[in-house]
Amino acid sequence: MTIKRLFEEAERLLSEAGLKGVKISSPRSPEFGEAYTPYPFEEARRSGGNPLELAEKIASRLGRGELIGRVEAAPPGYINFYADWKKFSEYTLREVMRLGARGYGGSSEGEGKVILVEHTSVNPNKALHIGHARNVYLGDTLARIFAKTGHRVYVLNYVDDSGAQMASVILGFLELKMPMEAPTGVRFDEYCGDQVYVEVSRRVEADRSLEERLRALAKRIEDRSSEEFRYARLVADKVLANQLLTCWRLGARYDLLFRESDVVVSGLWAKTFNLLLEKGIIYLAREGANRGCWCVDLSSHPTLSKEGDEILVKSDGSTTYVARDIAFALWKLGESDVKITGKVWGRNLDNTPITITDTESGSPITLPKPHMVLTVVGSEQRRPQEVVRYVLSRLGVDGGRYVHYSYERVSLSPESARRLGLETAEGKAVQMSGRRGIYFKADEVLDELKRLAAEEVRKRHPYWPGERVDEVSEAIARGALRYSILKSEAEKTVIFDLREAMRLEGDTGPYIQYTMARSYRILEKARDAGIEAKPTPYGDLASEEWMLTRSISFLPQVIETSAKTLRLRQLITHSREMAVHFNEFYEKCPVIDGGEAAPFRLALVQAYITAQSSAMELIGIPVLQEM
RNA sequence: GGGCCCGUAGCUCAGCAUGGAUAGAGCGCCGGCCUUCUAAGCCGGAGGUCGCGGGUUCGAGUCCCGCCGGGCCCGCCA
């Protein structure tokens, strides 16, 4: 496939010259060609020769390829392979045309492999803030990449409807008698998070006795026959329905909503507990700080052993998050025979059904045994995730199948924190906190972005109907936020700055969207002018034409690497690179008035649209034909 | 104290997985380009001891060790 074909050719030329298994890499600059090998350096080390002389000798021995136009030795000792621009661009354009946006960049790499991606997993007691949005964006993009590379992907959202956070809002409703209806014009999830949860947290902090009641409530929520259980379900379902509206707006889709409470209710936990007991992995603490608790013995773990054993069952008999997560992990991995039942909850925007666990009236949920379970969870949960992985390995489950996709949190820049009325220590970022009400909600940020985008759209299209302005500015807002959050690699803390996220120029989602609008306009004008696309170059290529073709040809390899390394950033960088080269091409190479160049350039524009659509689909930036 | 992550231009970030050829963008700043396919764009300029110190190597921003600075975890929270 495109650039890969060129690599294969370079390999073939080298092996024909007697050099087998030589490493071929992508050069960081086009002046060094489309492929290179530092092989002469290795050879020189072995034989003590001069790398450059060796490179020259090897290069002169190499034959011609079909797509490789020339091979050159370059100081201090590389061998560079240069594509034959004309042949290679025709080949690339034909490939792109043949495969289309769906197929281009895809592969069958993951054929026959099932991957389960768990993301979102927000307590159903609040609206999503931008920290949650990062989780959704990462998980959703990973799922898209896996699907593109031929995997069967199932997306799970673990609905954390047990534990203290859930108990907090129930406490607010049942004991502090806060109204169970949101004020008019306010969404229920926002009301729960912004008002109930924050207020209850404030009161608990002020009144220690409430802490006891909170703990008791958390336990009663686990009892399916209790009134509190019913209330928790009611509230959780209502909030969840609201949260999913946000998730869809962020571009996500789900196959299964798994209620955390069902881990206990379904008997999955009980069965897991017995298994752990049987295998001697857990023990009942008779004395010490953990007296009365069931714990995992971590004494033989290389690092966790220093931090004491992990509690799975509290002294009051209720489970901890880690306990539930171990049971859930076993089920996700297809290593538990406990039947989980569910029913259809609704449909995603793409019309695929969403199932939700339901122990009362559902039918059995069956997932194929996955090759990998990827859990997108913040880095602060590294320890508990490692405990889960460790317990799995002690149960004889291959720990490599259970992957914690960790990411650093989103903090607020001092300027943005000030907008929330917070004092900040000189120049320091501020941690978000749902409990203390310090956060930007995903929807409010999207709304602000949308307002800004709408202003710009109206400037350019004063006669567009409001509906159209709304639709386009929404797409711009979605692209802008998704890009700005995904721009940072997962292991880096995102310092969220509202003004920075609101930019529509430069290194942003809208920059890429804009190039698509420009190319669609060319298509339209070309149609009117009766120009027909031809992938055969009209003569020697202009460097802008070549650079655009070249970046298009690299896309499949970039996608493949992203799927392998789970690094999303390189895909984002590449999408932007294609856009930059398109803009340069756009400035220098007229299509409509391109004369004899017009048919080839039109084919190139088409190829750009196809390739960039493919990339944007993966990143989750909406494609606009006009903006 | 122990463990994990981060430290590259004034700011926000690429590059590190697989060491290699002059360290790249964007924002901001300075200066140009709209009778020509949407200027949400393009071109040019200024701006860098790649946190510090060692080590490995023909070669280190990239690998190893130490230190410094920032974040997170070490809860009968999740």
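Hydrogens, waters and symmetry mates are skipped; everything else that's a heavy atom, side chains included, is used. Letters A, B, ... are given to chains in the order of the sequence lines, protein chains preceding strands, and every chain is numbered from 1.
Separating the OH atom of Y405(A) from the P atom of rC5(B) is a distance of 15 Å, rounded to the nearest angstrom. Distance, R382(A) CZ to rG71(B) C1': 13 Å, rounded to whole Å. Following rounding to the nearest Å, Y39(A) (OH) and rU18(B) (C1') show an atom-to-atom distance of 18 Å. R527(A) has its CZ atom 13 Å from the C1' atom of rC37(B), to the nearest Å. Here rG41(B) presents its P atom at 18 Å from CD of E626(A), a figure rounded to the nearest Å. Remark: C1' of rG41(B) and CG of L504(A) are 13 Å apart, rounded to the nearest angstrom. In this structure, the CD atom of E31(A) is 14 Å from the C1' atom of rA23(B), given to the nearest Å. Distance R576(A) CZ to rG24(B) C1': 11 Å, rounded to the nearest Å.
With rC42(B), rC13(B), rG26(B) as the candidates, the nucleotide lying closest to the side chain of E584(A) is rC42(B). Which of rA40(B), rA21(B), rC37(B) sits closest to the side chain of I592(A) comes down to rC37(B). Comparing atom distances between the R503(A) side chain and each of rA14(B), rC27(B), rA21(B) picks out rC27(B) as nearest. With distances taken from any side-chain atom of V457(A) to the nucleotides rU12(B), rA40(B), rC37(B), the minimum falls on rA40(B). The side chain of Q431(A) has rG71(B) as its nearest neighbour among rG15(B), rG71(B), rU8(B). Considering only side-chain atoms of P76(A), the nucleotide from rA21(B), rC6(B), rC37(B) that sits closest is rA21(B). Considering only side-chain atoms of E491(A), the nucleotide from rU36(B), rC6(B), rC42(B) that sits closest is rC6(B). For K525(A), the listed nucleotide lying nearest its side chain is rC37(B); candidates were rC42(B), rA21(B), rC37(B).
Glycosidic torsion of rC74(B) falls outside 90° of 0, placing the base in anti.
Contact annotation for Y511(A): backbone-only contact, meaning every heavy-atom pair under 4.0 Å involves sugar-phosphate atoms and none involves a base. Heavy atoms of T565(A) sit under 4.0 angstrom from at least one base atom. Residue-level contact check: C295(A) touches neither bases nor backbone, having no heavy atom under 4.0 Å from any strand. E577(A) comes within contact range of no nucleotide atom at all, as no heavy-atom separation falls under 4.0 Å.
Comparing the C1' positions of rA9(B) and rC29(B) gives a spacing of 13 Å, expressed to the nearest Å. Rounded to whole Å, the separation between the C1' atoms of rU56(B) and rG66(B) comes to 15 Å. Distance check on atom C1': rG45(B) versus rC68(B) gives 36 Å, rounded to whole Å. Comparing rG47(B) with rU8(B), their C1' atoms sit 14 Å apart, to the nearest whole Å. A gap of 9 Å separates the P atoms of rA21(B) and rG61(B), to the nearest Å. Nucleotides rC50(B) and rC63(B) place their C1' atoms 16 Å apart, quoted to the nearest Å. rC6(B) and rC52(B) have their C1' atoms separated by 16 Å, with the value rounded to a whole Å. Nucleotides rG51(B) and rU62(B) are separated by 8 Å at their P atoms, to the nearest Å.
Side-chain atoms of S406(A) and E491(A) include no donor-acceptor pair closer than 3.5 Å. H461(A) and E626(A) share no donor-acceptor pair across their side chains, judged by distance under 3.5 Å alone. Counting only N and O atoms by type, the side chains of T319(A) and R324(A) include a donor and acceptor under 3.5 Å apart. With 3.5 Å as the limit, one finds a donor-acceptor pair spanning the side chains of D325(A) and Q385(A). With hydrogens and angles left out, the side-chain atoms of T515(A) and Y608(A) include a donor and acceptor closer than 3.5 Å.
Contact annotation: R518(A) reaches the phosphate of rA39(B) (side-chain N/O to OP1 or OP2, under 4.0 Å). The side chain of K492(A) contributes no N or O atom lying less than 4.0 Å from OP1 or OP2 of rU12(B).
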Query - Footprint string (nucleotides 73-78 of chain B, 5' to 3'): B base within contact, S backbone only, - free, heavy atoms under 4.0 Å - result: SS-BSB
**Report entry** Step-by-step salt bridge (charged side-chain N to carboxylate O under 4.0 Å, His left out) determination, R458(A) to E455(A)
**Finding:** CA-CA 5 Å; R458(A) 265 188 234 105; E455(A) 266 176 49; over 6 Å; no
Query raised in the report: Going through the checks in order, is the salt bridge (charged side-chain N to carboxylate O under 4.0 Å, His left out) test met by E456(A) and K459(A)?
Result: CA-CA 5 Å; E456(A) 297 296 319; K459(A) 261 188 237 167; 3.1 Å; yes
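The base of rA40(B) sits with one of its N or O atoms less than 3.5 Å from a complementary donor or acceptor on the side chain of R460(A). Residue side chain N583(A) does not reach the base of rA39(B) through any donor-acceptor N/O pair under 3.5 Å, judged by distance alone.
Of the inter-residue distances, the one linking S315(A) atom OG with W294(A) atom CH2 reads 13.5 Å to the nearest 0.5 angstrom. The CD1 atom of I130(A) lies 7.5 Å from the OG atom of S416(A); values are rounded to the nearest 0.5 Å.
Place I476(A) and S25(A) on RNA chain B by their nearest nucleotides, and S25(A) ends up nearer the 5' end. Comparing E408(A) and V494(A) against RNA chain B, the residue whose closest nucleotide sits nearer the 5' end is E408(A).
Per the stacking criterion (ring centres < 5.5 Å, plane angle < 30°), Y514(A) does not stack onto the base of rG41(B).
Of the residues V22(A), V71(A), L14(A), the one that meets the side-chain contact (heavy atoms from CB on, under 4.5 Å) test with I58(A) is L14(A).
In the displayed structure, R468(A) atom CZ is contacted under 6.0 Å by more than 12 heavy atoms of other residues, nucleotides or ligands.
Under the 30°/60° scheme for interplanar angles, the aromatic rings of F496(A) and F440(A) are found to be tilted.
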Query - For RNA chain B, the dot-bracket pattern of Watson-Crick and G-U pairs whose distances stay under 3.5 Å, | for other-strand partners - result: (((((((..((((......[...)))).(((((.......))))).....(((((..]....))))))))))))....
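Between R601(A) and E545(A) there is a salt bridge, with a side-chain nitrogen of the basic residue lying less than 4.0 Å from a carboxylate oxygen of the acidic one.
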